[in-house]
Asks: 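One structure coming up, written as structure tokens, with questions to follow.
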Amino acid sequence: MTPDLVKRSLVHRERDSNGDPVFTIHRALQHTLLVKLDEDPTRRVEIFNQVHTIVRQFLPETSPTQTPDEKLWPQLEKAVPHALRLCRIYMSPSQNRLPGSIQLARLFYDAGFHTWEQWNPTTKDGIIFLETAETILRDSNYDIEGKLYADIHSIMSMLLDQIGISQRTAVVTRRTKATAIRKKVLDLEIEKHRLDPAALVDPVTELLYYNAVNDEGRSCLQSNLFEEAGKAFELCYGKYREWGDEETIPFEYAKYYHNMSYVHMYQGNYAEALRLATLGVKITERKGRSGRYWWFKYDLACIELQSGNLPLALASHLEILEAREKICGPASEMTIESDYTVGAMYHHLGKLELAE
Amino acid sequence: MRWLLIFDNVEDWDSVKLYVPSVSRSNSVILMTSQVEDLKHWTTFHHQMKSLEIGVGADLLLKFVYSDTEPPESELEPARYLSELFGGLPLAMAHIGGFVSQKQGSLSKYRDQADRNFASSWRGKPSTVQEYERRLENVFDIALTELSNSRPKARQLIDVMAFLNPDSIPEALLITNLEGSSSGHPHTYTEDE
């Protein structure tokens, strides 16, 4: 079939940078095809459902614990653009609305999660995915306290965090909702376990709840409510100590040390802040010098600056900038953040030409 | 510092407006290319790309159809006619050439078919973007109708492609194992049928 399309010059076949065969199709032809399908609603729905199935098989599902998985990123890079097009078509105005489903909402949530978990987040696309998923859930009368809503609130708040101060109120609202849902689910399982000891509490349920508490703590930090933030992080730390130690659950401990370092920084306890931040970096480094490692290193460098050690902070930020350029690319939000920070550091040191 | 910022193939203003700098713009340029004419309202200067001259368009069309041989004399005038009718639009020339070549037909027959189907709506060379778009749709109509009649599964495949990212559709994406296919067997889109 594809040779038929290629010979008619309806599509073009070539090889991508990896040497894999790919097809391209002109947008004008796509527009014509969609207009024709608009005139045949039954066929339009049939094709849409086929594409949904195809994209679902191509796009990996997210981790139930909302943990980034770098091994999936090459596949995601290929799959997410197709999910985005499907999402835009779903939301585009039409006389005949395309059918939504929980599965479709889940697809768009997965795609939205993937846009966040990569170290070069495409925030706007992620927001489109998650808002569309929410619209579908609303139209499907999905339980307002259902898990997928909590998942969406959680990741949407991460994406809105990328935008900045203007979204802080929205972030807090969503994180509050996510925590409430997670708590309700956890409380139900605890109650079931109380009534029937054989019915164990799902560790994933517990993890997601404490992740939500941790996220609320981070929102407190953004509003300089460092005491409240500290309470949230300590609550999580208490649970981590029940679950394991730095060897068995390094991700959670690194997160705690990283977050608490900021609490101590706000309190002016720079020595303790530096100790905890360094610990967080060291634990994260055990899994390699990934984007997360450099994120934690960046925050350590910020604490170095706040503690008054400008030369050390500059050296750290220069190292981070070089790494981010390689890992995330020169146009990544993270790299640009480091560009700005290095400039700011030079300014602090009075080296204005370098700052410029 | 002077800079040049290029947005290529912009589809709508919303997709770029967040990235258009509002400061530090003196001695710098933002260049935007688009197939959407309305975007010119967001710019201070716009330039409409010219399509090919009639003769150049005709030559291109003949190359698509007669890549290995010398075109017959009888095809030269239809080539010029079609080139003028579609304003020398390279995309139209490519599709018409591909269609005629695949059908092992002739530009003369294509012209007759196009005139029969669309004579009432076509008048001379297109002069607006909307006219170019309408005529291009007509070219697609001819090709898609023929495809539906002769290769329905290929038609279904291209309908599927309408919903995918146009710039890179991996062949692997189209090798699918859809449940419920009428044959009950895995359906591989890239098999010839």
Side-chain angles (χ1 to χ4, degrees), chain A residues 1-18 20-37 40 43-44 46-55 57-59 75 78-86 88-90 123-125 163 356, chain B residues 1 9 11 14-15 18-19 35 64 91-103 132-133 136-141 143-144 146-147 150-151 153-180 188-193:
Chain A
M1 289 185 287
T2 48
D4 291 327
L5 300 179
V6 172
K7 282 179 204 164
R8 286 167 168 77
S9 297
L10 289 169
V11 302
H12 182 65
R13 189 176 189 269
E14 55 195 55
R15 297 213 173 248
D16 65 12
S17 55
N18 296 322
D20 297 322
V22 296
F23 297 102
T24 60
I25 178 171
H26 201 281
R27 282 166 173 75
L29 175 55
Q30 284 189 313
H31 174 76
T32 298
L33 289 164
L34 290 175
V35 166
K36 286 184 175 307
L37 284 170
D40 186 350
R43 185 174 169 79
R44 183 164 174 259
E46 179 196 325
I47 300 291
F48 181 84
N49 288 338
Q50 278 186 338
V51 178
H52 172 194
T53 301
I54 289 169
V55 175
Q57 290 178 344
F58 205 58
L59 185 89
Q75 177 74 2
K78 293 181 184 176
V80 168
H82 299 292
L84 184 60
R85 175 140 174 100
L86 195 67
R88 287 184 187 277
I89 290 172
Y90 178 82
T123 307
K124 187 167 175 257
D125 291 346
I163 295 175
E356 188 181 27
Chain B
M1 188 183 296
N9 202 15
E11 296 187 19
D14 280 348
S15 61
L18 283 180
Y19 308 105
Q35 298 172 37
F64 276 120
L91 181 60
M93 301 300 103
H95 279 287
I96 294 170
F99 177 82
V100 171
S101 174
Q102 167 68 8
K103 292 271 288 173
Y132 273 109
E133 286 175 352
L136 196 54
E137 279 173 21
N138 293 157
V139 169
F140 294 146
D141 271 341
L144 293 172
E146 188 276 332
L147 195 67
S150 64
R151 296 294 224 179
K153 290 204 185 294
R155 176 58 200 273
Q156 184 178 7
L157 178 58
I158 203 167
D159 278 342
V160 164
M161 286 182 168
F163 286 83
L164 297 171
N165 178 38
D167 299 324
S168 181
I169 303 173
E171 192 169 77
L173 183 65
L174 300 177
I175 297 175
T176 183
N177 190 6
L178 292 172
E179 291 179 354
T188 305
Y189 273 118
T190 55
E191 286 170 358
D192 264 332
E193 298 191 12

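Numbers restart at 1 for each chain; the letters A, B, ... are given by sequence-line order, proteins then strands. Model, not experiment: these values are computed from the prediction.
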Asks: Going through the checks in order, is the side chain to side chain contact (heavy atoms under 4.5 Å, CB included) test met by A:L84 and B:N165?
Replies: CA-CA 8 Å; A:L84 184 60; B:N165 178 38; over 6 Å; no

Asks: For the residue pair B:A162 and A:R85, what are the closest heavy atoms and their distance?
Replies: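 Closest approach of B:A162 to A:R85: O-NH2, 2.8 Å.
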
Asks: Quick check: closest heavy atoms across B:L136 and A:A28, and the distance to 0.1 Å?
Replies: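 Closest heavy-atom pair between B:L136 and A:A28: CD2-CB, 3.9 Å.
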
Asks: Testing A:L10, A:L5, A:D4 one by one against B:L157 for a side-chain contact (heavy atoms from CB on, under 4.5 Å), which residue passes?
Replies: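 Answer after filtering A:L10, A:L5, A:D4: A:L5.
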
Asks: So which residue, A:V22, A:D16, A:V11, A:L34, ends up with the most heavy-atom pairs under 4.5 Å with chain B?
Replies: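 Highest number of heavy-atom pairs under 4.5 Å: A:V22.
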
Asks: Short question: side chain of A:Q30, backbone of B:L164 - any donor-acceptor pair under 3.5 Å?
Replies: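 Yes; at least one donor-acceptor contact below 3.5 Å.
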
Asks: State, with a plain yes or no, whether a side-chain heavy atom of A:H31 is found less than 4.5 Å away from one of B:E133.
Replies: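 Contact flag for A:H31/B:E133 side chains = no.
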
Asks: Heavy-atom count check: over 12 atoms from other residues, nucleotides or ligands less than 6.0 Å from A:K36 NZ?
Replies: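 Enclosed: over 12 neighbouring heavy atoms sit under 6.0 Å from NZ of A:K36.
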
Asks: Looking only at non-hydrogen atoms, find the nearest pair between A:S9 and B:G98 and report the distance.
Replies: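 Between these two residues, the closest heavy atoms are OG-CA, 3.6 Å.
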
Asks: Under a 4.0 Å N-O cut-off, is there an ion pair linking B:D167 with A:R27?
Replies: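 Yes, B:D167 and A:R27 are salt-bridged.
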
Asks: Select one option (side chain, backbone, both, neither) describing which atoms of A:E356 are under 4.5 Å from chain B's heavy atoms.
Replies: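 Interface part for A:E356: neither.
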
Asks: Hey, are the side chains of A:R13 and B:E171 touching, using non-hydrogen atoms and a 4.5 Å cut-off?
Replies: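 A:R13 reaches B:E171 side chain to side chain.
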
Asks: Chain A heavy atoms under 4.5 Å from B:F99: which part of the residue, side chain, backbone, both or neither?
Replies: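 Answer is backbone: N, CA, C or O of B:F99 sit under 4.5 Å from chain A.
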
Asks: Quick one: CG on B:L144 to CG on A:L29, what's the gap to the nearest 0.5 Å?
Replies: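 Output value for this atom pair is 6.0 Å.
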
Asks: For A:D40, enumerate each residue passing the side-chain hydrogen bond (donor to acceptor under 3.5 Å, both in side chains) test, keeping only those at least two apart in sequence or located in another chain.
Replies: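 Applying side-chain hydrogen bond (donor to acceptor under 3.5 Å, both in side chains) to A:D40 gives none.
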
Asks: Does any heavy atom of chain A fall under 4.5 Å from the side chain of B:I96, the backbone, both, or neither of them?
Replies: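 No part of it gets close to chain A.
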
Asks: Going from CD on A:Q50 to CZ on B:F163, what distance comes out if it is rounded to the nearest 0.5 angstrom?
Replies: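 The distance works out to 10.0 Å.
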
Asks: With a 4.5 angstrom heavy-atom cut-off, is it the side chain or the backbone of A:I25 that approaches chain B, or both, or neither?
Replies: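 Its backbone and side chain both get close to chain B.
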
Asks: Side chain, backbone, both or neither: which part of B:S101 has a non-hydrogen atom closer than 4.5 Å to chain A?
Replies: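 For B:S101, there is no contact with chain A at all, as no heavy atom is under 4.5 Å.
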
Asks: Taking the side chain as C-beta and beyond, is there a heavy-atom pair between B:F140 and A:L33 under 4.5 Å?
Replies: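 Sidechains of A:L33 and B:F140: no contact.
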
Asks: Report the option among A:L37, A:V6, A:D20 that has the most heavy-atom pairs separated by less than 4.5 Å from atoms of chain B.
Replies: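 Most heavy-atom pairs within the cutoff with chain B belong to A:L37.
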
Asks: What distance separates A:H26 NE2 from B:H95 NE2, expressed to the nearest 0.5 Å?
Replies: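 Nearest 0.5 Å value for the NE2-NE2 distance: 7.0 Å.
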
Asks: Within the 4.5 Å heavy-atom criterion, are B:L173 and A:H82 side-chain neighbours or not?
Replies: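 Yes; the side chains approach each other to less than 4.5 Å.
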
Asks: Taking side-chain hydrogen bond (donor to acceptor under 3.5 Å, both in side chains) as the test, write out the residues that go with A:R43, two or more places apart.
Replies: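 Residues passing side-chain hydrogen bond (donor to acceptor under 3.5 Å, both in side chains) with A:R43: B:D159.
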
Asks: Is there a side-chain contact between B:I158 and A:F23 in this structure, where contact means two heavy atoms from C-beta onward sitting under 4.5 Å apart?
Replies: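 Answer no - side chains too far apart.
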
Asks: With heavy-atom distances below 4.5 Å as the criterion, would you say the side chains of B:S168 and A:E14 are in contact?
Replies: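 No, their side chains stay 4.5 Å or more apart.
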
Asks: I need the residue from A:L86, A:T32, A:V35 with the largest number of non-hydrogen atom pairs under 4.5 Å to chain B.
Replies: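 Ranked by contacts with chain B, first place is A:T32.
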
Asks: Quick one: what part of B:E11 sits under 4.5 Å from any heavy atom of chain A, side chain, backbone, both or neither?
Replies: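 The side chain, not the backbone.
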
